[in-house]
2 protein chains.
Amino acid sequence: MDPHLLSTFVTVVAEGSFSAAADRLGYTQPAVSQQIAALEADLGVPLLTRRPVRPTRAGERLLEHAGPLLLRLRAARADVARLSAQPRALTVAAGPLALTADTAAALAGVTTLRIAGAATAVALVASGEADLALADGPAAPSDPLNLPDTGPLTTVGVREEELVVVLPEGHPLAGRPGLRLDDLADALWVDAPEVMPLDRLRAVARLDGLRPGIRYEGHDPAVAARLAAAGHGLTLLPASAAPCGVRVPLVAPRIVHRVELVHAALPPGPAAEVVRALTS
Amino acid sequence: MDPHLLSTFVTVVAEGSFSAAADRLGYTQPAVSQQIAALEADLGVPLLTRRPVRPTRAGERLLEHAGPLLLRLRAARADVARLSAQPRALTVAAGPLALTADTAAALAGVTTLRIAGAATAVALVASGEADLALADGPAAPSDPLNLPDTGPLTTVGVREEELVVVLPEGHPLAGRPGLRLDDLADALWVDAPEVMPLDRLRAVARLDGLRPGIRYEGHDPAVAARLAAAGHGLTLLPASAAPCGVRVPLVAPRIVHRVELVHAALPPGPAAEVVRALTS
DNA sequence: GTGTTCGTATAAGGGATGCTGATGTCGTGG
DNA sequence: CCACGACATCAGCATCCCTTATACGAACAC
C-alpha cells in the first residue's frame with residue numbers, strides 16, 4: 001500500500017471524479033485509473049463505485065485510515081527536518097477560545113497566528129506547518145484534552161476556565177444560579193463546530209441529546225454568544241469569551257474549558273521562549 | 001517516503017547491520033544499501049552511522065515514527081480485509097492481569113489466548129492478528145486507559161478493581177490499614193514491565209521515584225507477588241491477583257486497576273458474542 | 001607498517017513498474 | 001438514435017529497483 005496511491009485515492013474521493021483528481025495531482029486520467037486499480041488489486045476488494053464515483057464500504061474504512069496515515073508521514077518528515085532546519089518564521093496555531101489577553105501577551109515574536117480546531121492545530125504542529133499549538137476544548141477538571149496521537153509531541157496544560165451557559169434574556173432558566181447539562185440536553189443548541197463542537201461536548205459530558213439548532217461556521221465566540229443571546233439556541237463558552245447574553249455557570253457535570261500547549265522538541269530560540277512564557 | 005524503505009530502515013537498526021537486515025528481509029546487501037541511501041537522499045540527512053551501524057539523531061526521530069506508521073498501515077489493511085473475511089479462529093489478546101475467573105468464563109468459543117501488554121494487545125487487534133483485546137493497566141477511577149491511537153477501534157470499560165501494595169511480612173508498613181504511594185516513592189519496587197510497568201504507574205500517579213529493584217520479565221502476577229513477599233521490592237497489584245504477602249490497600253492517589261475491551265467493528269458471530277458476554 | 005578480513009559503497013545490467021497517449025466502452029442527455 | 005462525457009484498456013517507453021560483480025575502507029593481527 002503505497003502512500004502515493006493512498007493519497008490519490010483520497011483525492012479521487014474528495015473530487016468525486018477520476019479526471020478531476022488527475023488534473024489536481026498533475027497526472028493523466030489513465031494514471032489515476034491504474035493507481036486505483038492497483039490499490040483495489042492489492043486489497044482484493046473494490047474501493048470505489050464508478051459513475052457516480054463514491055467509496056464502497058471498504059473504501060470508507062480505508063479513508064478513515066488514510067488521513068491519519070498521510071498526516072503521520074508528513075509528521076515524520078517534519079520531525080526529521082526540524083533537526084537541521086534554520087529558525088524561521090514562528091507560526092502558532094490556536095484554538096478559537098485559546099487567546100485570552102494574557103495568553104496573547106505571551107506570544108512575543110510570533111510571525112503568524114492561525115485559528116484552527118484542536119485536531120487541526122495539532123496536525124499543523126505535527127506536520128511542521130506550525131511551531132506551537134494552543135489547543136482548546138472541554139474536559140473534566142485537570143483531565144487532558146483528548147488530542148489525536150500524531151507522534152512524539154509535548155503537551156502541557158496552560159489554563160482551565162469555568163464554562164457558562166449562554167441564554168437569552170427572559171429564558172425560563174436565566175435566573176438560576178447554576179445549571180446542569182442533563183437538564184439542557186433536550187434544548188436547542190447553537191451548532192458552532194469551530195468554536196465548541198457539540199460532539200466533543202457530548203463525549204466529555206457523556207450524554208446524548210444537545211439538539212443542534214442554528215449552525216455557525218465561523219470561529220468567533222462572540223458571534224456564538226450573540227446567537228445564543230438572540231434565542232437561536234444555547235451555547236457553552238468559557239466565562240471570559242461570552243460578551244453578552246445571560247451567563248449561568250455550569251455546575252454539573254464538572255467540565256471546564258481547557259487550553260493545552262502542544263509542541264515538538266524545540267531547539268533554544270524564539271519558539272522555546274514563547275513556550276516558557278506560556279507555561280510560567 | 002516509501003513504507004518499504006521505512007521497514008528496511010527499522011530492520012537495519014534492529015539488526016545493527018546492513019547485511020543481516022538484507023538476509024532477514026530476503027534482499028541482497030546492496031539493495032539494502034541503496035534503500036537506506038534513497039531514504040537519506042529523500043530526507044536530506046544521514047540516518048545511520050556506518051561501522052558501527054547506529055541511528056543518528058535524525059534516524060532516532062524517524063524510528064519513533066516508523067513503528068506507529070507501519071502498524072497503522074497493517075491496521076488499514078486489516079480493517080479493509082475484515083469486511084470480506086470469513087469468520088475463522090477467534091483470537092483474544094489479554095493483559096496479564098485481565099483474566100479473572102468471571103472474565104475467563106465469558107471467553108466462550110475463543111481459539112487462542114495471547115498474553116500481551118496493553119499497547120501490544122491493541123496493536124494486535126488493529127493489525128487483525130487478534131479479534132479482541134483485554135487491555136489492562138492502572139488508571140484514575142472511571143478514567144480510560146491511555147491506549148495508543150491505532151485507528152477506529154471501539155473501547156469499553158470492563159472492570160475496575162482496587163489496587164493493593166504487596167509487602168513482605170514484618171515490613172514496617174505492613175500493619176497500616178492503607179498506604180499512600182507518595183510515602184513509598186523512595187522504596188525499592190519490583191520492576192515487572194510485563195505485569196505492572198513502573199513508568200505507567202509514574203505517569204498515572206504523577207510522581208517520580210519508584211526505584212526499580214529486581215526485574216521480572218515474565219507476566220505472571222503471582223511471581224511478582226512472591227518476589228514482593230520475599231522482600232525483593234514492593235509491588236502494586238489488583239487485590240485478586242496477589243496470592244501471598246501482606247496486602248495493604250492503596251488509598252492515595254486514587255488509582256484503580258482498569259480493564260478495557262478493545263475491538264474493531266465486528267460482524268455478528270462468535271467474537272461479537274464474547275463482547276456481549278464481557279460487557280453485560 | 002602491512003596484510004587479511006569483514007562489511008558497506010559503487011557500477012552495470014536486466015526485469016518490472018508506472019506513466020503517457022490513443023482508443024475502447026458504457027451510461028446519460030438531447 | 002446519436003453525441004458527449006467519463007472511466008477502462010492497451011501499447012510503448014522511460015524510470016526505478018533489484019541482482020551480480022567489484023571497489024573501498026576500517027579494524028585487527030602480527
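Not measured: the values here are computed from a predicted model.
Between the CG atom of A/Leu48 and the P atom of D/dA6 there is a distance of 16 Å, rounded to whole Å. In this structure, A/Ile36 atom CD1 and D/dA6 atom P are separated by 17 Å, rounded to whole Å. Following rounding to the nearest Å, B/His4 (NE2) and D/dC16 (P) show an atom-to-atom distance of 17 Å. Whole-Å rounding puts the B/Phe18 CZ to C/dC6 P distance at 19 Å. The nearest whole Å value for the distance from the CD atom in B/Gln29 to the P atom in D/dC17 is 17 Å. One can place CG of A/Leu39 at 17 Å from P of D/dC7, the figure rounded to the nearest angstrom. Atom pair A/Leu25:CG and C/dT20:P shows a separation of 11 Å (rounding to whole Å applied). Distance CZ (B/Arg50) to C1' (C/dC6): 17 Å, rounded to an integer number of Å.
The side chain of A/Ser33 lies closest to D/dA8 when the candidates are C/dT8, D/dA6, D/dA8. Taking every side-chain heavy atom of B/Ser17 into account, C/dT8 is the closest of C/dA11, D/dC18, C/dT8. Closest to the B/Thr28 side chain, of the nucleotides D/dT19, D/dC7, D/dA11, is D/dT19. Checked against D/dA8, C/dT20, C/dT10, the side chain of B/Pro30 finds its nearest nucleotide in C/dT10. Of the listed nucleotides (C/dT20, C/dA9, D/dA8), C/dT20 has the atom at the smallest distance from the side chain of A/Tyr27.
Counting heavy atoms from C-beta outward, B/Val80 and A/Val45 have side chains that approach closer than 4.5 Å. Contact of the B/Gln35 side chain with the B/Asp2 side chain is not registered, since no non-hydrogen atoms from C-beta on lie closer than 4.5 Å.
For D/dT19, the base has a donor-acceptor partner in the side chain of B/Gln34 [N/O atoms by modelled type, under 3.5 angstrom].
There is no side-chain donor-acceptor pair under 3.5 Å between B/Ser17 and B/Glu15.
Within the nucleic acid shown, B/Val32 has no heavy atom closer than 4.0 Å to any nucleic acid atom. Looking at heavy-atom distances under 4.0 Å, A/Gln35 makes contact with sugar-phosphate atoms alone, never a base.
For the side chain to side chain contact (heavy atoms under 4.5 Å, CB included) test with B/Glu260, the passing option among B/Val122, B/Leu147, B/Val156 is B/Leu147; the others fail.
By the 6.0 Å contact criterion, CZ on A/Arg54 is open, its count of non-hydrogen atoms from other residues, nucleotides or ligands being 12 or less.
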